[in-house]
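Every chain is numbered from 1 and lettered A, B, ... according to where its sequence line falls, protein lines coming before strand lines.
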Amino acid sequence: MPVLNGKELRIVGFLCNWCSYGGADTAGTARAGQPTDLRIIRVPCSGRIDPLFIVKALLNGADGVLVSGCHPRDCHYAAGNFYARRRLEVLKQFLPVLGIDDRRFEYTWVSASEGQRWQHVVQTFTKRIHDLGPAPKLEDPEPLLKVVDMALTSLRPLGTGQKNKLDELKAAIKAKLPELELVIGWQQGYDAARTVPLFMRTPEDVDKLVWGPFNVNNPAVYLPQYKGKKVGIVVKGCDAKSVVELLQENLINREDVTIFAMPCEGTLDMARVNQELGRYTTIDKVEYDEAGVTITADGKEHRFCMNDYAQGKCYGCTMPTAVISDTLIGTPTEVKPGPYTPPELALLDSMSLDERLAFWRGQMERCIRCYACRNACPMCVCRDYCIAESREPHWISQDDSTRDKLFFQTIHAMHLAGRCTGCGECQRACPVGIPILALRQQIARAVGQLFDGYKSGVDPEAVPPLLGYEVEEKNIHEREWK
Amino acid sequence: MRIGVFICHCGSNIAGTVDCAKVAENARMFPDVVLAQDIMYTCAEPGQAAIEAAIHEHKLDGVVVASCSPRIHEPTFRRTVERAGLNRYMFEMANIREHVSWIGKDKEANTNKATELVQIAVAKLRNDKPLKAKSFDVNKRVLIIGAGVAGIQAALDCAEGGIQVVLVEREATIGGKMAKLDKTFPTVDCSACILGPKMVDVAQHPNITLYAKSEVEDISGYVGNFSIKIRKRATYVDWDKCTGCGACTEKCPAKKTPDAFNELVGPTTAINIAFPQAIPKKAVINPEYCRQLTKGKCGVCAKVCPTGAINYEQQDEVITEEVGCIVAATGYDLMDWTVYEEYGGGRYPDVVTSLQYERLLSASGPTEGHIKRPSDGKEPKNIVFIQCVGSRDRSIGRPYCSGFCCMYTAKQAILTKDHIPDSKSYVFYMDIRANGKIYDEFTRRAMEEYGTEYIRGRVSKIYPDGEGHLIVRGVDTLLGEGVEVKADLVVLAVGVEAAKGSPHLAEKLRISYDSYGFFLESHVKLKPVETNTAGVYLAGVCQGVKDIPASVAQGSAAAAKVLGLFSRDKLENDPQIASVDMKRCVDCGKCIRCCPFGAIKEVEFRGKMYAQVIETVCQGCGLCTSTCPQGAIQLSHATDNQILAEVNTLCQC
Amino acid sequence: MKIAYYPGCSATGSSADYEKSTQAVCAALGMQMEEIRGWSCCGSTPAHAVDTQLSGALSARNLDLAARQKADMVLTPCPSCLSNLRHAAKRLENPEFRAGVNELLDEPLSEKLPEALSVMQGIARAYDTDAIAARVRKPLAGLKLAAYYGCLMSRPHEVMDFGDPENPTLMESLLTACGAEMVDFPLKTECCGASYGIPERAMTARLTGRILHLATMLGVDAVVVACPLCQMNLDLRQQQAAKEAGVAFSMPVLYYTQLMGIAFGLAPSALGLDKLCVSADSLLRKLDQPAAYSKAPEGDKA
Amino acid sequence: MSITRFVKPEGLPAFLAHLSKEARVLAPVVKPADKRSVVFEPWKEGKEFTLEKATVPAKAAVLPQCETLVSYRKVKDPANPQNVKLELDDTPQAETTVVFAARPCDARGYATLDRPYLQGPIADPYYKARREKLTVITLTCNSGCNTCFCHWVGGGPSSPEGSDILMTELKDGYILQGITPRGDALLEGSGLDDGADRFKEMEDVRKAAWGTLVKAPNLKDAQARVAAKFTDVDFWTRETDRCLSCGACTYFCPTCYCFNITDEGEATSEKGGRRLRSWDNCMSPLFTREASGHNTRMEKALRMRNRVSHKFSTYPENWGTFSCNGCGRCISNCPVSLDIRQIVLDAINADKAAK
């Protein structure tokens, strides 16, 4: 039953049963006139509203979504609206990166006695949505294929880490190996111009360990499956942040994990390296020097200087050395933090809302739902039961639609709110190179602004922001209904 | 699935601006709907009968009623479908009155909106599952916090009803504020005479375990199975041995101890019994003033005590009691009136509170009933009563009326005339609030028979005139001129606020409280003695200002609720609670961390760890369901699929 | 901490004694105060009744002049000036009001204006009780005094911020530091009739009579004031009050600065004691001080 | 002598335009990004295209990621809502399609899929409808690449299997050689110049391509060796330590053909419900999870064993040839560069090492 076209727009309301639904009743009892667009869905508590309901509505035809719960402190369940307030504010900051105008979503607090206030809220919000007009559909715009500008300046000198003492590291690992089931590191891949994760169980395995700009994988992704077993892991700075975040959520136990670390001087962006190498059959040799590597493939030489070919995250990296470690070989490098916007986020920032919608339509069309982005993510511990492929609950259909594919990316981004350490593995793993990191970077930026510069994966004791709340939020204030 | 849809006219409330027949017609096209009809009054007896008949005739296994707010009639219709043999949770409502017909006149838009609301109700219903309430046994014992008149009444009624009562009182004696009163309005009965017997009943009732000088330290558990930690404060007297003979009180050298029971009107001894009719009639030592406990040398009371009950090394003791439900009857305190500098801010001894005046009037008080001026002990001739000191005054954050001050001031004025026949009483008031049985007649007597001069106006300043009198300057708004009274004694009718520490106790009880500390009842009109937390009831002024008859009534009301709760051997929990699908849980612990009620625990099953919901503790807020990334924990009757069904019905582009 | 001084019109006229004793006491304490160059009237009572914008501009201009002299604080003896300066500062927080004032003045106000305080508050902030007691040469021991603040100095609380509006105690602490015994004077913030002394003489007489009567009943040696108008009503109109109250009064009414001056051992002439209608000789004799000249026609020969 | 035609590079767009008159032409299109990728997309007039090897094979031409098997609607009789009419529509949607510039390993994929989908006891009607309307123009490879190993498994840079036309790049243009009657018919109707005179040059170029390949190991007993390794779970565990069990290898593989069937949509809505067939991924635990939650292949090692054994032992057992075409996409697209070649070689050499 569609809305009365011409007269109404599709506005969905999520109201908590105890206060706001009661407030709407009070408005009704007082015969407080309101436009008819709003359709109210009753939920037990505003804490029950998963932000993904709102994204699902906005992506599938809703022109506006209004959420209302009890005033903070009045929640019938004590803390429901405290959690809701944080989640909904993060969602509101996240929507623009998708190309959805965040004015189309609003959350507020209305108590059961505030009938008049509810009338005012509905009238104001309905008028705002009518002013904005019907929401653009993801299929409307022509695909816009813009490319990330990787010409970046690094906060610290990038190099190939030739100075680190790999032998000392190997010795340290061999010493600890007997008491560990295995130690995870990197080894050379099927040719000299790439590395793959290495599982060291015997001293011979340890000899295969390599350290250098090709070490792109994040070994932390394997730790949750070994929870309860004694394992070791060799980490770069960004990998260590994933380990800390896993500790913060006790998905691994600190005493089970032995951490080996060395200062990292940056890693290569294999996408651009492979593109430069082009089609070749064999790698002849790879020479390392301080500033970069020279790869000779099928007799042809290719120069990869770190300043031009590093991964986006390495230019802005402020923690090249592991935040925590049991064995640190070499002296940690200090990086003075400076202004840095991740390249993917900079690209999105440079676009208007409509352009972003067109951009994501263009990008997500080629996604074939292989879920490498999810399985490469160290935080995705529930990958085997992911709601992207489940019927109980049934969030997404198996239909090959751009909207469902984009919806999965928002699921992943929202699930990472306040947890993503920016290791970039999701984007690196994407076989068709969709710049999905922009969505996670936008959420990380919003979380940073909302929670006093909170950074995930830095302090093992810190509680991830969306798993806690403050009664009085410093940076989240109720928006007036002008 | 076979769904029946019933569109209510609600007389003209809905039918006035919604074409109910059209909505029913549209509803027939919705999935699984086999019957859709409109009814004049669905909630009325014939309406409900029509639903029951339809369920039998069409073998329905789900019902949608489109009428008023589910907050009003969801329970009604659930019972209806249950009577017809259908599970009460295979039922959904669409609010087409408060949310549609009453808020707009556009019939076409309203009909379309009503249709859509019915459509999403049908969509949700198609995903609903029958739910069975689980039962759990009840510990038929009740904890009553606070032994004022309300607490005493609740305790006696529960005990009479055959229920074991654990009564906890923070002071050394029960009786609360009423025990401090000399007489009570409107009958001028002696307070101790009407309260005393009840206090004795409490002491002697076999079903009541009394913990005086004790406080509730911690409450855990849930309705039917609360576990309470009670801290018995050290009284330095072994109450089993003490007979209450009072020998120690006479001999105790620390004569300057402030007497809290007598509202600090007169001093008392470090070891004392609050008042003659105290229950339990046992001595208590005030550790801050007892010379033995402060300077380590005295021990007089230990020497004179015939039964050797004194024990200076006694420590606090924490006892755990298991109870099924709780009644909070923690009463009130007078607000700190010294914020009023204009009345001397507490610096003038002859400006006393009404409760202090009660102690002056009381025969068991420090002055044995002779009204004496605290400054020089003389008998006052001119006594001024000032009403609404710290009530109905927004400037100091006390906008509410405290309810019983007008009445006790009239009583005190009458008593003053009895005690001092040639005295003259003045009462500065704004409005006399006397709305009980023979209340107004009582205040009339104070004015006409006892010559009390009621001056309608507020007092702006009280100051000593240097000759031992207090100049009370105010205004008489009826005569429109300033008034000055040279008073010997000024009695302030000080406003009421929640007992000290109420907010802290509310947090332990997990009930909410308002900005003045009064506990929040479940519904101000219809459920005054219940709270939003199952198994926690309220009685007396802790819920809001009220006089003794109302407090006693609430005591009995709370007891009735307790007896109702315990009338069944087993309690049924609300089946709309969360449950974990072990197959999907990866034990990431997010739900355990965010549950406000600690209702989820980690369990081990075949070597792997999973989350599991404690069914009786879960309140059904659904926070865990929206926190679990993979939807392994679902709140029944509000599962992800049910809400998604509604969202997908609305947003299908 | 650079301090600017705003004397106010009465200082140069009717309350010259208050001005002299204030300067003397501040000098004795070593408090450098630089008079605001080119200060003007603060608008006193009538100005803001006529046009709040204009009266705001008057006081704002004075504050601005002080700001240009790099002053952090502006002290003024008179409560009425203090009230106007502080009310102006409060109203300037509202951007439209500030813009209006800027238009009225020759050039826009400087960003940050110094805080206006009474001299009494300035003294209390700069010197704690020990520092004042250290300066005392002639303790006021034996003197029983009643401090009278009048209605303006502590009200409204959110603007004046002068302690508890019903019960300010700053004068008590200063004079106790000088050795005097201060009684708890309940009518310390009652109205003295202020400028109604002219149109409603009888009412003012009744009001001042009540204050003087209570002071007399409390057996104080003098009533201490900090406001020129209160001093005038209590001192000058003592006979009218006596007629109205039907009781004879001879209650010296001194400025707190005069008493502090006495305690600091300054010469009576430097404190303008000769200006008092009700002579303070009895009080001085009590302190075995050389008698100040009585109100003899010879004027104030040293 | 097969029909041959020659076309200059500038003549390709016209050729495509000619083809797209009666058919949907799927051509490789570059998707610019930091990590550049090439995907097959319907070509329209004026659209840019490339002849590079596609990141995603053109399997979707015959086995789309998601297709509607059956669309169904329940129509209710307003008078009597109890009886409901069910409308079903299971006609396969197929469209004449030309895949332009596939590679021999892609084309060979079609041949690999044909066996189970067409030559089994029951032919899949949906697959059959699309396969019959498909014409494959394959561009032969002039050189191998680091992840290609088509020549290990019976293919080659110019293997004609599964193609209708083989196109080879010469110095100044492209020669198109008809392989199947459908290919010949298309060439004849294409209006291109004859290419017979360039035939010799074409063969030299193709032979040269073989020269660039790295020598292939002998995989003749790979089928037996891999089958023998079936019970050695440790072997598979060590081989798949680093596997993330995502779906990159299966979804990018031109010969993976497993699918999943789900119902979506609401029968009584106007759009009705649809029964969807979509690609399934045997590397994901969902592939073998039972309703009870039990999973026969809970560990990723067992899943990898299943994938490799299917391609190198069970499929050959049924159809006599490997079902892996050696296109190397499962290696180049794997987030941890897991190399199927390595696994097969390890399986073959494992016994030698043991002896």
Measure the acute angle between the ring planes of A:Phe408 and A:Tyr371, then classify it against the limits of 30° and 60° as parallel, tilted or perpendicular. perpendicular
From A:Arg419 CZ over to A:Cys377 SG, what is the distance, rounded to the nearest 0.5 angstrom? 7.0 Å
Roughly how far apart are A:Phe14 CZ and A:Asp50 CG, rounded to 0.5 Å? 9.5 Å
So which part of A:Val43 gets closer than 4.5 Å to some heavy atom of chain B, the side chain, the backbone, both or neither? side chain
Donor on one side chain, acceptor on other, A:Asn81 and A:Ser46, under 3.5 Å: no
Is a donor from one side chain sitting under 3.5 angstrom from an acceptor on the other, for B:Gln630 and A:His415? no
Side chain / backbone / both / neither for A:Cys382 at chain B, heavy atoms under 4.5 Å: both
Residues A:Arg48, B:Asp640: salt bridge by 4.0 Å N-O rule: yes
Max heavy-atom pairs within cutoff under 4.5 Å with chain A, candidates B:Arg593, B:Gln642, B:Met29, B:His637, goes to B:Arg593
Please determine, among A:Pro393, A:Pro44, A:Ala57, the option with the most heavy-atom pairs under 4.5 Å with chain B. A:Pro393
Is it the side chain or the backbone of B:Glu74 that comes within 4.5 Å of chain A heavy atoms, both, or neither? side chain
Contact class of A:Asn17 relative to chain B, heavy atoms under 4.5 angstrom: both
I need the residue from B:Gly620, B:Gly589, B:Pro70 with the largest number of non-hydrogen atom pairs under 4.5 Å to chain A. B:Pro70
If you measure from CG on B:Asn112 to OG1 on A:Thr36, what distance do you get to the nearest 0.5 Å? 8.0 Å
Under 4.5 Å from any heavy atom of chain B, what part of A:Ile49 do you find: side chain, backbone, both or neither? backbone
Non-hydrogen atoms of chain B under 4.5 Å away: do they reach the side chain of A:Arg391, the backbone, both or neither? backbone
If I measure from the heavy atoms of chain B, does A:Gln119 come under 4.5 Å with its side chain, its backbone, both, or neither? neither
Is B:Asp581 in contact with chain A via its backbone, its side chain, both, or neither, using a 4.5 Å heavy-atom distance? neither
Measure B:Gln576 against the heavy atoms of chain A and call it side chain, backbone, both or neither at under 4.5 Å. neither
Let me confirm one number: the CZ-CG distance from B:Phe519 to B:Leu505, rounded to the nearest 0.5 Å. 4.5 Å
Looking at side-chain heavy atoms only, is the closest gap between B:Arg584 and B:Cys628 below 4.5 Å? no
Hey, is B:Glu98 close enough to B:Arg71 for a salt bridge, meaning N to O under 4.0 Å? no
No-hydrogen, no-angle side-chain donor-acceptor test under 3.5 Å, A:Gln248 and A:Ser456: no
Answer with side chain, backbone, both or neither: which region of B:Thr639 has an atom nearer than 4.5 Å to a non-hydrogen atom of chain A? backbone
Side chain, backbone, both or neither: which part of A:Ala112 has a heavy atom under 4.5 Å from chain B? side chain
Taking the inter-plane angle between the rings of B:Phe77 and B:His73 on a 0 to 90° scale, is it parallel (under 30°), tilted (30 to 60°) or perpendicular (over 60°)? perpendicular
Tell me, side chain or backbone of B:Leu635 under 4.5 Å from chain A's heavy atoms, or both, or neither? side chain
Rounded distance [0.5 Å steps], CG in A:Leu59 versus CZ in A:Arg403: 7.5 Å
Are B:Glu92 and A:Arg42 within salt-bridge range, i.e. N to O under 4.0 Å? no
Heavy-atom pairs under 4.5 Å with chain A: which of B:Ser101, B:Pro629, B:Ser69 has the most? B:Pro629
Using a cut-off of under 4.5 Å for heavy-atom pairs, which of B:Thr627, B:Ile511, B:Asn13 has the most such pairs with chain A? B:Thr627
I'd like to know which of A:Lys56, A:Gln34, A:Arg31 tops the heavy-atom pair count under 4.5 Å against chain B. A:Arg31
Between A:Cys386, A:Pro35, A:Gly22, who has the most heavy-atom pairs with chain B when the cutoff is under 4.5 Å? A:Gly22
With a 4.5 angstrom heavy-atom cut-off, is it the side chain or the backbone of A:Tyr21 that approaches chain B, or both, or neither? both
Could you look at A:Leu251 and say if it's the side chain, the backbone, both or neither that has a heavy atom under 4.5 Å from chain B? side chain
Looking at chain B, which one of A:Arg87, A:Met414, A:Lys227 has the largest number of heavy-atom pairs inside 4.5 Å, strictly under? A:Arg87
Of B:Cys68, B:Cys624, B:Cys621, B:Ala632, the largest count of non-hydrogen pairs under 4.5 angstrom with chain A goes to B:Cys621
Does the cation-pi check pass for B:Lys583 over A:Tyr385, that is, NZ or CZ under 6.0 Å from the six-membered ring centre and within 45° of its axis? no
Shorter than 4.5 Å, heavy atoms on both sides: which option in A:Gly80, A:Ala62, A:Ala79, A:Ala24 has the most such pairs with chain B? A:Ala24
Checked B:Leu117, B:Leu520, B:Asn95, B:Ile72 vs chain A; the most non-hydrogen pairs under 4.5 Å come from B:Asn95
Out of A:Ile411, A:Leu38, A:Leu58, which one racks up the most heavy-atom pairs below 4.5 Å with chain B? A:Leu38
Side chain from CB out, backbone as N, CA, C, O: work out which of these in A:Tyr83 comes under 4.5 Å of a heavy atom of chain B, or both, or neither. side chain
Would you mind reporting whether B:Leu650 and A:Ile41 have side-chain heavy atoms less than 4.5 Å apart? yes
Which region of B:Ile120, side chain (C-beta onward) or backbone (N, CA, C, O), has a non-hydrogen atom less than 4.5 Å from a non-hydrogen atom of chain A, or is it both or neither? side chain
